[in-house]
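Below is one structure, written out as structure tokens, with a few remarks after it.
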Amino acid sequence: MSRRSKGLSATLITGALLLTSLGLGGVAVSAGPPTPHSAAARSFAAAHSGHAMVTSTASSPEDPDGDGYIPANPPVTGVTPSTQNPPHRYFHEFQANCSVTRTRPDDPIVYPQQPGKSHDHTFMGNTTTDANSTTASLAAGGTTCKAPGDLSGYWMPTLYNGDRQILPVGPQVIYYKAGVTDYTSVRPFPKGLRFVVGSPLQSADEFRHHPGFVEGWECGDSYFNTEFPATCPNRADVQLNIRFQAPSCWDGKYLDTPDHKSHMAYPVVEPGTNDNMCPADHPVALPMIEFKMAFPVNGDMSQVRLSSGTGHSFHYDFFNAWDAPTLKALVDHCVVGGLQCDARGFDETHPEAGAALDEHYRLP
């Protein structure tokens, strides 16, 4: 039996993405907006964010039959969501500190092999990321991350003030943390996993109530904004910031799916408790990525916008190309070990635990 016959077709999944990005994931596809392939859908998208997404006309070279599913090889089977409650540790995380590499209208996840088809993105991490990127090409590239083993691609819509690009300066903070209560159950990302967090088509209300929403847009003493504040304190120490978390539960089957989301899920609350666990259909606990971005802009914010639209269209992409032993060392030492680590895997409050990496951010 083909993969198509086991679930929604690529077309239905794409329609489901639109519903999910609009906070309507529980509504039947037939009851929601038209599919993104229609003119009505493009009008619907424009009404929500002023930004319409064009249809992808090519598939990833890693997609064996062009149906949008990239199978994990091997898949992860026999896993059930952990309900264990290990000794409480307030932190279980490490940082990937990565700088901006380039901007370009490419997206190798949503528009593979279609350069120039996307809205403009600001890329961090891997220095080679473009529309033609694959797991193999990223693995052969360089990186601006502090850890040379992090060859992953990270990208988000480019921020503008009028017509001027505003790019984050220096290493940005990308957290890898436990999203589930049983932090000891978290395992490294499989090589080649990719997904999109949020949607350029989401409305302001859907952005505000997205499960990945942390503090929204903030500057100075202004927090939890779904749109850019009209003004920010005009001081050297003030920047525009955002924090946004990714889903961290994986189905164990696919490295990508047609909507670039449905193979991932956010943790859920275990019934009768305050504990977070992975849902049964996405039982594999992976690190929860959190973007913590800082943009050097303040003062009059009236002309600030994203390449994808207004502030509530913020979203980002992740394409895992970590060196597997390096990622495993950081996950095991910091996340499973219940530490608050820097990019070396060192927790200054627990120096006795040592570091996962050496002074060059490499495996010792």
Side-chain angles (χ1 to χ4, degrees), residues 17-25 45 47-51 93 95-96 98 100 119-122 124 154-162 165-177 179 195-235 237-248 261 264-267 269 276 287-318:
L17 165 62
L18 187 56
L19 288 172
T20 301
S21 70
L22 298 173
L24 300 171
H48 272 73
S49 67
H51 175 76
E93 64 185 38
Q95 294 184 21
C98 306
V100 170
H119 53 254
D120 203 72
H121 281 112
T122 294
M124 297 171 289
Y154 307 88
W155 60 97
M156 58 190 171
T158 299
L159 186 84
Y160 289 86
N161 189 2
Q165 290 183 344
I166 305 295
L167 304 180
V169 177
Q172 297 299 294
V173 177
I174 302 170
Y175 289 111
Y176 282 61
K177 56 177 63 177
F195 52 79
V196 178
V197 184
S199 169
L201 306 183
Q202 62 206 355
S203 71
D205 185 66
E206 289 137 10
F207 174 60
R208 177 64 182 85
H209 294 97
H210 192 284
F213 189 96
V214 181
E215 293 178 354
W217 296 103
E218 63 92 6
C219 63
D221 295 324
S222 179
Y223 298 90
F224 300 105
N225 297 290
T226 56
E227 307 299 349
F228 303 120
T231 60
C232 290
N234 190 3
R235 303 195 314 263
D237 65 322
V238 173
Q239 298 190 76
L240 178 68
N241 298 278
I242 190 167
R243 296 176 61 185
F244 209 79
Q245 295 178 336
S248 60
K261 293 186 178 186
M264 300 295 297
Y266 284 89
V269 176
N276 292 325
M288 174 174 277
I289 285 180
E290 179 183 311
F291 268 32
K292 186 178 181 182
M293 302 289 114
F295 300 88
V297 61
N298 56 34
D300 179 10
M301 303 285 288
S302 62
Q303 299 301 309
V304 174
R305 61 183 174 86
L306 293 170
S307 59
S308 55
T310 59
H312 68 255
S313 71
F314 180 78
H315 59 286
Y316 62 87
D317 300 54
F318 169 67

Between Ala294 and Asn241, what is the shortest heavy-atom contact and its length? CB-OD1, 3.2 Å
Can you give me the closest heavy-atom contact between Ser313 and Thr310, atom names plus distance? OG-O, 2.8 Å
Close side-chain approach of Met156 to Pro168, heavy-atom, < 4.5 Å: yes
How far does OH of Tyr316 sit from CD of Glu290, to the nearest 0.5 angstrom? 7.5 Å
Short side-chain to backbone donor-acceptor contact, Tyr266 and Gln245, under 3.5 Å: yes
Using a 4.5 Å cut-off on heavy atoms from C-beta on, say whether the side chain of Met293 contacts that of Tyr154. no
When rounded to the nearest 0.5 angstrom, what distance separates SG in Cys219 from CG in Asn234? 11.0 Å
Got a sec: does the CG of Asp221 have more than 12 other heavy atoms crowding it under 6.0 Å? no
Donor-acceptor pair between Ser199 and Gln202 side chains, under 3.5 angstrom: no
Nearest heavy-atom neighbours spanning Met124 and Phe291: CE-CE2, 3.7 Å
Do Phe195 and Asp317 make a side-chain contact, defined as non-hydrogen atoms from C-beta onward lying under 4.5 Å apart? no
Side chain to side chain donor-acceptor pair (under 3.5 Å) against Glu93, all qualifying residues, sequence neighbours excluded: none
Residue pairs passing the side chain to side chain donor-acceptor pair (under 3.5 Å) test where at least one lies in residues 296-306, sequence neighbours excluded: Asp300-Ser302
List the steps and the verdict of side chain to side chain contact (heavy atoms under 4.5 Å, CB included) for Phe318 and Ile174. CA-CA 11 Å; Phe318 169 67; Ile174 302 170; over 6 Å; no
The test is side chain to side chain contact (heavy atoms under 4.5 Å, CB included); show your working for Met288 and Tyr175 and say whether it passes. CA-CA 8 Å; Met288 174 174 277; Tyr175 289 111; over 6 Å; no
Indicate the atoms forming the closest heavy-atom contact of Pro229 with Leu240, along with that distance. CD-CD1, 4.2 Å
Thr231: what forms a side chain to side chain donor-acceptor pair (under 3.5 Å) with it, not counting sequence neighbours? none
Apply side chain to side chain contact (heavy atoms under 4.5 Å, CB included) to Gln239 and Val169, showing your working. CA-CA 11 Å; Gln239 298 190 76; Val169 177; 5.8 Å; no
All side chain to side chain donor-acceptor pair (under 3.5 Å) counterparts of Gln172, not counting sequence neighbours: none
Rounded at 0.5 Å granularity, tell me how far OG1 in Thr226 sits from CZ in Arg208. 8.0 Å
All side chain to side chain donor-acceptor pair (under 3.5 Å) counterparts of Thr122, not counting sequence neighbours: Thr158
Using every non-hydrogen atom in the two residues, find where Tyr160 and Ser307 come nearest and quote the distance to one decimal. CE1-CB, 3.9 Å
How far apart are the C-alpha atoms of Leu159 and Phe228, what are their side-chain angles, what is the distance that settles it, and do they pass the side chain to side chain contact (heavy atoms under 4.5 Å, CB included) test? CA-CA 11 Å; Leu159 186 84; Phe228 303 120; 3.6 Å; yes
Can you spot which of Leu167, Val238, Ile166 makes a side-chain contact (heavy atoms from CB on, under 4.5 Å) with Pro296? Ile166
Measure up the His121 and His315 rings against each other and bin them: parallel (under 30°), tilted (30 to 60°), perpendicular (over 60°). perpendicular
Set of residues satisfying ring-ring contact (aromatic ring centres under 6.0 Å, His included) with respect to Phe213, sequence neighbours excluded: Phe207
Relative to the ring of Trp217, is the ring of Phe295 parallel (under 30°), tilted (30 to 60°) or perpendicular (over 60°)? tilted
Do the side chains of Arg243 and Glu218 get nearer than 4.5 Å, heavy atoms only? no
